[in-house]
Amino acid sequence: MSNGAAAEFEAKLKKYRINRAEHEMITTLLGHEPQGIEWALFSALWSEHCSYKSSKVHLKKLFNKSRRVLESFGENAGVVDLGQGERIAFKIESHNHPSFIEPYQGAATGVGGILRDIFTMGARPIALADYLCFGEQSAPRMKSIVDGVVRGIGGYGNCVGVPTITGQTEFHSSYNNNVLVNAMAVGLFGKGERVFLSKARGKGNWVVYVGAKTGRDGVHGASMASESFDEDSAAKRPNVQIGDPFFEKLLIESCLEVMAQDLVVAIQDMGAAGLTSSSFEMASKGGVGLKMNLDDVPLRDPTMSPEEILLSESQERMLLICEPSKFEQLQAVFHRWGLDAVKIGEVLDERVVELRWRNETICKIDPDLLVENCPQYQRPYSPWKAKNRVAGSSDVKTGVKNANEFLSSVLKDVRGTSRKWIYHQYDSRVGAKTVRDCADSVGIVRLPESGRGLGVILGCRPYVMRWDAREGGIDAVAYPALELAAKGFEPLAVTDCLNFGNPERENIMSEFVASLEGMSATCENLDAPIISGNVSFYNETMGQNITSTPSTGLIGLRDTVSEIPVSEFSSDGEAIYLLRLPMVATGGATQELNKLPVTGFGQLEPSLIGAFTRLVRVLADYREGGTLLSSTRIVGKFGLAYALARMSMRGTGCRIDVDKLKAARGEVSTDDLFREHMYEIVVTAKKGREQDLEAEFRQIRGALASADLLPIGRTGGQKVEIAGVLDYALTDIQNSYKTGIWA
Amino acid sequence: MKIGVKVMPRKEILDTQGRAVEGILKQHGQKLEHCTVGKYIILDIPETDPKAALAAAKSMAETVLYNPLIETFELEQI
Amino acid sequence: MKIGVKVMPRKEILDTQGRAVEGILKQHGQKLEHCTVGKYIILDIPETDPKAALAAAKSMAETVLYNPLIETFELEQI
Amino acid sequence: MMKRKCGIVRFPGTNCDRDVFQAVEMVGAEPVWLWHADQFIAKEYDSIFLPGGFSYGDYLRSGALASRAPVMKSVREAAERGIPVLGICNGFQILTEAQLLPGSLIRNNHLRFNDDWVGLKFQNTNRFFAGALRKGTNAKLPVAHGDGRYFVEDDELKRLQDKGQIWLTYEQNPNGSINDIAGVMNEKGNVAALMPHPERAMTEWMGGVDGFKFFEGDLT
Ligand SMILES: Nc1ncnc2c1ncn2[C@@H]1O[C@H](COP(=O)(O)OP(=O)(O)O)[C@@H](O)[C@H]1O
Ligand SMILES: [Mg+2]
């Protein structure tokens, strides 16, 4: 190669983010040097974002089957069968980089994208949830990022008419330059409604493009999401993608209508890498070929090049396959909703994707080369070892001196204060199915045909991840599973969004593997498989990696929405118990607030968690004669004192008996009140049902010897009172908690 | 002195509002090729020198009135 | 031919956004007496005669672009 | 007995249409879809509902683009014939934009979307909708809107007060509405609208039941 040619070659590798080894593989696969558009196609489909090349070897090991699973990885979203003809599609996805660049549009298009993954399958979206991690108040732009992200999620979800029923918000300096915006959508298939897949089929069937016109939005977005941020990212940013929830609403209604009329063979949304990934994946999965004429793609700007058309990430577009005889009827439906539907190609028998542009074939290539043959990397990692442990639970020092003062500061701190400022910007009840909204610890919708309850909840507590990645992974499933169980819901399945830093760094990859092992083991013990998800690597900005954050979304089922325990004390004189399975004691959130290193004692045991979750669920479930438990809340961040304060928020306080608490926990101290014992649940028995509750617990505890149900006090009064340790007036609690987010 | 700030969506960026309004106007049989919807902000600035007022307006536009990722702006003296 | 339609709030009390923007600008230490936030709509009309184009724009403004209860509008050729 | 026939108008972007459909079914009446691009025969309906949502994305002004749609000719005719017409949330915005009701709904004073439960007070009885809930009654319903701040000029406000057209007020004003107004009606009372969502408070599991009566029809 001449110097000039060599430089040009280097520049190409850089532009298309393909390394030398990959270039060699591509040349071998193609039988020739990549030419013209082939560079762009491999760049997009072999990007980390589209190919999962650093994670696939580990994702394959995840527990992903149960008798309920209908679809799992490989399709747009996972689908579980609830019986009685009802099925649920759900998935969580990240939109971290775009939300950092343009918070409103980044978050909005994140919601739009995840919704399309759901209704592409034929499910009507019925709920949204958002998992957000922000930096510190003092970080540059952070206030406006928080504001923009929240507005963006609300702006899209509210308009498209899908309620946001739960969420989680975290703050930590590791997100200062790299926020996380993960959105989850849940869709419902009613009786007799078909699940649609993306496998193209049937020689001579038409490839149809529907929805918005293609513009230069987000060209090269997929490969950009696959590299770390540096200072000039702003300069090389693609055109910001603009979401139009109004258009999406039209797309939802029209797509569901053509599906109901049986006019669709296969369908796929155009997400990352736009038309390229949708068409190549549809062909590859269906084992067929496609011939597409790029001149027929509706364009917003007629001067676009084929490469731009193929890689555009314009929002609100779908690709579908239909029988030619049904096209007219299909087009009529889209027209009625004011949308375009145009034929841009045909299905071929031969396994090739042929792209035509200005009467020339610009590419003819086996789709499997792009979709199936991407290299899979076994990135170096080291096996998990327990870290940051102390010798006993009383060695976990929280740094709290004065319980009242600390509780007050926690309730005002952004990490412990009310999230009302966020969720009041979200419509939580459109759809008229919402039973419990963001104000409660679990989001609940009622399934209209069967009247059963579907619980939706998010997980992953970054401070646990910072302490120990395996425990953090277990907790990312266990904690939300217990939250579901404490309302009487059986956890059914899990979706995950693996937000990590640079996988080429061994410490990051080690955390990735350890947390995945923890998650998978817990899922297996719960019989709640991981059936969909997304990996977001390279959350690294200027050398700083985010906290490894495998966020999760769980769904759970309850036979009725009657008498679901609430999350606050609601009437005086009820017996308060601690329902517990102690495995770990940690300072967690409290230590971080006090700027101490996080330490802990013990180890989480997935098999015990599975059994404990089942036990909790039975106690919280509806039964003849009424639910035994009136209120439940998991003791989480900031320990028991904070949990009791939160439970007193509606105006009913509590008095804790120090001797009983000591009998239950072995220690009553300022330190211990703010430690977290994984896992504990504060529950109240319905009046007159204490005996029944205790008897039931003894009966079903079975072999779970380390589980306990211990009375610790009674509800009532206008204070949270633990004699000699804590004495806090409800009005102060309410006022501090109201302080809210600083945005 | 009053300065008008016209903030419009950038040309290559999708103008969702314009698209919807255009659709409706066309449905109503209006003769229209294209429609773009933006913002108009009138700033009343305590300056008598047009140059100084325009400079102040520019600085305000850049601090909060427009988002350079998706919009462009123009100033005019009114 | 392009016609600009400037739609402004009819009174102070209707200009919630203006109040907010004014507050933010002042917080940023900008010298500002008052600020009003309205809309700017560019209509691209297939007419070459300015009079005809302005008449068409007026009809569009009156059909839907402004609400006389809360707004006023002005047209300009651009 | 014949079921009451309730027309439910759908615009592109309407998103509470199915919820209102469900509410109408819950009270035992018969819901019928009405499409924005078509006109309908007004006298065939016992009442007409304009549900909430974001018709045309709320672009330009909430309700503005929808208020000019063909179906509104028939809605106007229904209103003139004395057929009960109820606008909910975006439906309220559409009815004011169509000038079937006085005033306008502008951006919330805090400039944010607001989702919450609100306490309401009936300032006057409307015999066509929620007739059982008399003047002076209280109710609790969800709100969810960004443009819910009701505005009218002072003289018009006085006229509304004098003629008893102020239907509902908020106990705690969530959006800066003039005189805490949450719902109004025309002089005859057959055209009425409110920002809160009665269709989201139909049974206990929804968190409240005060919405039910809004769909029960003329009870007098
Ligand atoms: N980003 C968000 N979107 C919607 N709801 C949220 C969000 N963040 C937090 N919430 C809601 O706020 C409530 C309180 O959150 P949090 O303080 O983390 O307490 P909890 O321990 O109950 O989850 C939760 O029930 C949750 O549903
Ligand atoms: Mg939570």
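Naming convention: chains lettered A, B, ... in sequence-line order (proteins, then strands); numbering from 1 in each chain. This structure is a prediction, so every number in the text was calculated from the model and none was measured.
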Check your understanding: If you count heavy-atom pairs under 4.5 Å with chain A, which of D:Arg200, D:Arg18, D:Glu199 comes out on top?
Key -> D:Arg200
Exercise for review: Take A:Thr109 and A:Gln315, measure what side chain to side chain donor-acceptor pair (under 3.5 Å) needs, and give me the verdict at the end.
Suggested key: CA-CA 7 Å; A:Thr109 52; A:Gln315 300 290 300; 4.7 Å; no
Structural part of [X] lying under 4.5 Å from a heavy atom of chain D:
{"X": "A:Arg436", "value": "neither"}
{"X": "A:Thr434", "value": "backbone"}
{"X": "A:Val162", "value": "neither"}

Review point. Are the aromatic rings of D:Phe21 and D:Trp33 close, with centres under 6.0 Å apart?
Key: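 Yes, the ring centres sit under 6.0 Å apart.
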Practice item. For residues D:Phe49 and D:Phe215, establish whether the separation of their ring centroids is below 6.0 Å. Key: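 D:Phe49 vs D:Phe215: aromatic centres under 6.0 Å.
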Check your understanding: Quick one: are A:Lys487 and A:Thr632 in side-chain contact, heavy atoms under 4.5 Å?
Key ->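 Yes, side chains in contact.
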Look at [options] and state which one has the largest set of heavy-atom pairs under 4.5 Å with chain D.
{"options": "A:Arg429, A:Lys433, A:Lys249", "result": "A:Arg429"}
{"options": "A:Asp427, A:Val150, A:Val435", "result": "A:Asp427"}
{"options": "A:Asn158, A:Val561, A:Leu250", "result": "A:Asn158"}

Check your understanding: Is chain A contacted by the side chain of D:Tyr59, its backbone, both, or neither, given a heavy-atom distance below 4.5 Å?
Key ->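 Contact with chain A: side chain only.
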Exercise for review: Identify which part of D:Pro142 has an atom lying under 4.5 Å from any heavy atom of chain A, answering side chain, backbone, both or neither.
Suggested key: side chain
Practice item. May I ask you to decide if the ring planes of D:Trp35 and A:Trp337 are parallel, tilted or perpendicular, using 30° and 60° as cut-offs? Key: perpendicular
Review point. If you measure from the Lys or Arg side-chain nitrogens to the Asp or Glu carboxylate oxygens, is any gap between A:Arg124 and A:Glu193 under 4.0 Å?
Key: no
Practice item. Show the numbers, then the answer: is there a ring-ring contact (aromatic ring centres under 6.0 Å, His included) between D:Phe40 and D:Tyr45? Key: CA-CA 9 Å; D:Phe40 59 90; D:Tyr45 293 85; 5.3 Å; yes
